[in-house]
Amino acid sequence: MSRLVYVLNGPNLNLLGKRQPHIYGHETLADVEAACRALAAEIGLALRFHQSNREYEIIDWIHEARETASGLVINPAAFTHTSVAILDALNTFEGPILEVHISNVHKREAFRHHSYVSTVASGVIAGFGTQGYLLALQRIARLLEEGAGGHG
Ligand code: CA2
């Protein structure tokens with residue numbers, strides 16, 4: 001089984017560390033990517049790390065991941081709450097999917113409380129700041145070692 005994991009980021013996360021630090025912290029997305037790469041190297045995962053403001057691009061990466069990757073970490077950002085298309089794409093992915101939110105979405109506006117993605121995710125991390133990405137990678141590594149397939 002491959003040790004390749006995709007880390008996908010949705011709209012506006014390119015602004016991480018540049019706006020609204022009281023909600024999302026001071027780290028940039030480049031910092032998050034560097035931290036993910038350092039951890040991945042340590043725990044023996046290969047990584048593809050992407051961000052897009054376009055729904056179709058995220059869907060295309062999920063399709064690509066279907067062919068090559070064993071696990072997926074996704075922060076769909078606002079698409080979390082709106083996108084049946086991303087949910088449908090994720091439903092075609094056979095390995096573990098972990099959903100990450102930097103902020104605690106449950107402490108925020110009611111429209112952030114519902115996630116389409118959670119219905120297919122093996123687990124959800126919210127409110128742990130950017131550390132959530134690292135926790136998700138550690139969990140994926142464990143799930144791959146346990147031979148987890150499917151969405152369970
Ligand atoms: O907490 C999260 O990670 C979110 O997925 C972030 C999304 C939001 O729509 C979700 O409800 C929760 C927003 C991402 C926007 O990222 C920015 C980062 C810095 C400055 C402005 C936006």
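This chain uses plain numbering: 1 for the first residue, then up along the sequence. Ligands are counted one by one from 1 in listed order, and the atoms in each one are counted from 1 as well.
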Are a donor atom and an acceptor atom from the side chains of Y133 and N9 found within less than 3.5 Å of each other? yes
At a heavy-atom distance under 4.0 Å, which protein residues reach ligand 1? Sort them by chain and number, would you? P11, N12, L13, L15, L16, R19, Q20, Y24, N75, A77, A78, H81, H101, I102, S103, V105, R112
Which residues share a salt bridge (charged side-chain N to carboxylate O under 4.0 Å, His left out) with E145, sequence neighbours left out: R3
Residue set satisfying salt bridge (charged side-chain N to carboxylate O under 4.0 Å, His left out) with R37, at least two apart, ordered chain then number -> E33
Ignoring hydrogens and geometry beyond distance, is a side-chain donor-acceptor pair present between S115 and T80 at under 3.5 Å? no
Test of understanding: with salt bridge (charged side-chain N to carboxylate O under 4.0 Å, His left out), list the residues that count as partners of E57, not counting sequence neighbours. R54
Geometric class of the F111/H81 ring pair [parallel <30°, tilted 30-60°, perpendicular >60°]: perpendicular
